[in-house]
Every structure is written in C-alpha cells, then in structure tokens.
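To start, the structure under review is shown below, and the notes come after it.
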Amino acid sequence: MNRLCILLAFVFVFTACVAVPTKNQPEAYTQSAVRDAIRRYEQDGKDAVLAYYSDPQRFDGQWYVFILDGEGYTIASPYNFTIGFGPSDRYDATGYYYGDDLVSATEEGKWISYVFFNPETDKEERKHTWIVRHDGLYFGSGFYKKQEQR
C-alpha cells in the first residue's frame with residue numbers, strides 16, 4: 001500500500017510539472033493544436049479528422065485547425081468557404097502569395113506569416129501559421145497579431 005501511495009504521488013507530481021501551453025503562449029499553443037490534430041488523425045482516421053475540423057464549432061477564439069491535401073487544397077477548415085482552395089488561391093490582402101510557402105512545409109514544420117481574416121476580431125490581421133506535413137497531408141493552425149498602424 002505504501003508503494004502505491006508513493007507511485008501515485010510521483011505520477012501526480014510528474015503530471016503537474018508537464019507544461020501545457022496556454023493562449024498566453026501563442027506559438028506553443030498553436031503548435032500544440034497542430035500536434036493534437038495529427039494525434040487525432042492517427043487515432044481516428046482521415047475521414048473522422050476531416051469531419052471534426054470542418055465543423056464550425058471548432059473555432060477556439062482565434063485558433064482553428066485546417067488541413068490541406070498533398071497538393072495544397074483545403075480539405076478541412078471551419079471556414080467552410082475555403083474548402084477546395086488550392087495553392088494558387090492563396091493571396092493575402094496585401095497581394096502576398098503564400099500558397100507555395102504552405103506546401104513547402106516538412107515533417108519538422110515551419111512558420112509562415114500572411115494577412116488573413118481573424119474570426120475573433122472580424123478584421124484582417126497578420127496571421128502566424130504553423131504548418132506540418134504528415135502522412136501526405138498538411139496540418140496547420142495559427143494566431144493573429146494586429147497590423148501595425150501607419
């Protein structure tokens with residue numbers, strides 16, 4: 001019994017020490033959202049994960065996950081109007097073309113920045129997207145920073 005108590009105490013202390021990113025840590029929180037999406041894909045399969053992340057209920061403030069197929073076409077997003085968008089459709093409000101940046105992501109992931117509509121503020125703002133290629137798909141999420149006033 002004493003060993004069980006010690007083991008349970010160790011597990012409690014260890015799990016309490018594992019840092020879970022918060023929204024106050026936008027980079028880490030964004031990367032965590034992408035890792036969770038990949039984990040869900042591995043656990044539940046492609047059809048289930050596409051349905052899950054295409055649900056408009058999946059907005060978490062400014063955060064949401066989107067998934068692209070191997071050619072860069074959107075196959076899951078709570079912004080349903082973006083389903084089917086391809087790399088050539090990816091120009092931001094400033095005219096910056098970011099389609100090739102998205103599909104150049106690797107398994108290690110990469111950051112990409114562009115201007116996009118923020119669902120939390122209803123404004124176009126600078127979006128910082130973390131995107132990872134996994135099993136022939138691209139999993140992405142991002143956070144927004146207001147554009148500088150000129």
Side-chain angles (χ1 to χ4, degrees), residues 7-70 72-83 85 87 89-150:
L7 178 63
L8 290 174
F10 176 77
V11 169
F12 177 74
V13 168
F14 178 76
T15 56
C17 293
V18 174
V20 176
T22 68
K23 292 178 182 179
N24 292 330
Q25 305 163 301
E27 292 89 354
Y29 191 81
T30 299
Q31 290 175 315
S32 177
V34 171
R35 278 192 306 275
D36 289 347
I38 292 170
R39 198 171 11 254
R40 182 178 297 274
Y41 168 80
E42 290 295 324
Q43 177 182 323
D44 299 339
K46 183 178 178 180
D47 291 340
V49 82
L50 296 181
Y52 183 82
Y53 288 109
S54 292
D55 183 344
Q57 298 293 320
R58 294 297 150 237
F59 283 108
D60 179 13
Q62 64 178 307
W63 279 273
Y64 59 92
V65 169
F66 63 91
I67 303 170
L68 311 178
D69 70 10
Y73 288 86
T74 305
I75 56 175
S77 172
Y79 276 127
N80 295 129
F81 72 90
T82 66
I83 303 295
F85 275 22
D89 300 313
R90 303 200 191 278
Y91 284 90
D92 74 6
T94 70
Y96 173 66
Y97 172 68
Y98 60 95
D100 287 344
D101 287 340
L102 289 174
V103 296
S104 69
T106 65
E107 289 81 11
E108 288 79 34
K110 73 183 280 188
W111 286 103
I112 301 165
S113 294
Y114 50 91
V115 176
F116 201 76
F117 185 78
N118 182 339
E120 193 171 50
T121 65
D122 290 331
K123 295 180 181 171
E124 297 254 336
E125 296 177 1
R126 175 74 46 197
K127 181 175 183 175
H128 302 283
T129 293
W130 177 249
I131 188 153
V132 174
R133 184 176 177 94
H134 178 79
D135 199 27
L137 301 174
Y138 297 92
F139 294 79
S141 185
F143 66 96
Y144 295 82
K145 288 190 178 177
K146 290 181 175 64
Q147 290 197 44
E148 302 288 319
Q149 296 295 321
R150 296 179 192 215

ring-ring contact (aromatic ring centres under 6.0 Å, His included) involving [X] - partner list, sequence neighbours excluded:
X	result
Y52	none
Y73	none
Y29	W63

Donor-acceptor contact below 3.5 Å, side chain [X] vs main chain [Y]:
X	Y	value
T30	P26	yes
N118	D122	no
E107	H134	no
Y144	F117	yes

Going by side-chain contact (heavy atoms from CB on, under 4.5 Å), name the residues that satisfy it together with A76, two or more places apart in sequence or in a different chain.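 Testing A76 for side-chain contact (heavy atoms from CB on, under 4.5 Å), a comparison that skips the adjacent residues, returns L50, Y53, S54, I67.
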
Once side-chain contact (heavy atoms from CB on, under 4.5 Å) is applied, do any residues pair with D55, and if so which ones, sequence neighbours excluded?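 Checked D55 against side-chain contact (heavy atoms from CB on, under 4.5 Å); matches are Q57, R58.
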
Which pair of heavy atoms, one from [X] and one from [Y], lies closest together, and at what distance?
X	Y	value
V65	A37	CG1-CB, 3.8 Å
P87	V103	CG-CG1, 4.3 Å
S113	Y96	O-CE2, 3.6 Å
Y97	D100	OH-OD1, 3.2 Å
V34	S141	CG2-N, 3.6 Å
E120	G61	OE2-CA, 3.6 Å

Partners meeting salt bridge (charged side-chain N to carboxylate O under 4.0 Å, His left out) with D36 (sequence neighbours left out):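 Checked D36 against salt bridge (charged side-chain N to carboxylate O under 4.0 Å, His left out); matches are R39.
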
D92 and Y98: side chain to side chain donor-acceptor pair (under 3.5 Å), yes or no, with the steps? CA-CA 8 Å; D92 74 6; Y98 60 95; over 6 Å; no

Please evaluate residues K145 and E125 with respect to the criterion side chain to side chain contact (heavy atoms under 4.5 Å, CB included), reporting the C-alpha separation (whole Å), side-chain torsions for both, the decisive distance (0.1 Å), and the verdict. CA-CA 6 Å; K145 288 190 178 177; E125 296 177 1; over 6 Å; no

[X]: which residues meet the side-chain hydrogen bond (donor to acceptor under 3.5 Å, both in side chains) condition with it, sequence neighbours left out?
X	result
R90	T74
R133	Y138
D69	none
Y91	none

Donor-acceptor pair between T129 and Y114 side chains, under 3.5 angstrom: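 Looking only at side-chain atoms, Y114 and T129 do form a donor-acceptor pair, the distance falling under 3.5 Å.
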
Test log, rule side chain to side chain contact (heavy atoms under 4.5 Å, CB included), inputs V132 and I38: CA-CA 9 Å; V132 174; I38 292 170; 3.9 Å; yes

Less than 4.5 Å apart, any side-chain heavy atom of [X] and any of [Y]?
X	Y	result
L102	I112	yes
F66	I131	yes
Y79	F59	yes

Does NZ or CZ of K127 lie under 6.0 Å from the centre of the six-membered ring of F116, at an angle within 45° of the ring axis?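 Verdict for F116: a cation-pi partner in K127.
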
Could you walk me through whether F143 and Q25 pass side chain to side chain contact (heavy atoms under 4.5 Å, CB included), step by step? CA-CA 10 Å; F143 66 96; Q25 305 163 301; over 6 Å; no

Provide the full list of salt bridge (charged side-chain N to carboxylate O under 4.0 Å, His left out) pairs with a residue in residues 23-35, sequence neighbours left out, each pair given once.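 Sorted result for residues 23-35: K23-D60.
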
Where at least one partner belongs to residues 41-50, residue pairs that pass salt bridge (charged side-chain N to carboxylate O under 4.0 Å, His left out), sequence neighbours excluded: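 Found R40-D44.
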
